[in-house]
Amino acid sequence: LILPTGPALYSHNVWQSPDMKRIRDKYVQGLFFQKFHAGLQAYYSKDWDGAQICFQTVLDGFDDGPSKHFLSQMKRHKGVPPKDFLPFTVV
């Protein structure tokens with residue numbers, strides 16, 4: 001791991017370091033996890049309008065790859081879950 005104070009060997013204790021707590025704080029204390037989770041639930045439930053709102057809210061505050069992925073999948077299908085929709089992607 002590369003922390004602001006420099007490289008650190010990974011261990012389970014690293015999550016308790018002051019640097020890591022500071023980095024995680026904006027995700028844990030903010031709306032990131034709440035909105036992302038709500039977006040996933042809406043996506044899996046085929047409520048793509050709701051999912052789009054949640055993922056876009058996440059992206060308004062964060063550069064989040066998974067949110068971008070789900071939005072691109074919805075855009076690819078023009079906002080309508082395909083008949084053979086599965087709540088996961090096989091690559």
Are Phe85 and Met74 grouped together when hydrophobic residues (ILVMFWY) are joined by side-chain heavy atoms under 4.5 angstrom apart? yes
Correct closest heavy-atom pair for Cys54 and Ala38 would be SG-CB, 3.8 Å
With the 4.5 Å side-chain cut-off for hydrophobic clustering, are Phe33 and Leu71 part of the same group? yes
Output the distance between atom CD (Gln52) and atom CG (Leu59), rounded to the nearest 0.5 Å. 10.5 Å
Of all the heavy-atom pairs spanning Gly50 and Ala42, show the shortest one and how long it is. C-CB, 4.0 Å
Which atom pairs, one a donor and one an acceptor, fall under 3.5 Å between side chains of residues 76-83 and the rest of the protein, sequence neighbours left out?
unit_1, atom_1, unit_2, atom_2, d
Arg76, NH1, Gln73, OE1, 3.1

Evaluate the side-chain proximity of Asp47 to Gln41: yes if any heavy-atom separation is below 4.5 Å, no if none is. no
Run the salt-bridge test on Asp19 and Arg22 with the 4.0 Å N-O cut-off and return the result as yes or no. yes
My understanding is that only residues two or more places apart in sequence, or in another chain, count here; which of them pass ring-ring contact (aromatic ring centres under 6.0 Å, His included) with Phe62? Tyr27, Phe32
Measuring from Ser45:OG to Leu40:CG, what's the distance to the nearest 0.5 Å? 10.5 Å
Assess whether side chain to side chain contact (heavy atoms under 4.5 Å, CB included) is satisfied between Trp48 and Phe70, documenting all intermediate values. CA-CA 10 Å; Trp48 282 13; Phe70 288 112; over 6 Å; no
List the atom of Ser67, the atom of Phe55, and the distance in Å for their closest heavy-atom pair. OG-CD2, 3.6 Å
By side chain to side chain donor-acceptor pair (under 3.5 Å), Asp60 pairs with (sequence neighbours left out) Gln56
Rounded to the nearest 0.5 Å, what separates atom CG in Asp25 from atom CE in Met20? 13.0 Å
Tyr43/Phe36 under ring pair (Phe, Tyr, Trp, His ring centres under 6.0 Å): CA gap, chis, key distance, verdict: CA-CA 10 Å; Tyr43 183 82; Phe36 186 79; over 10 Å; no
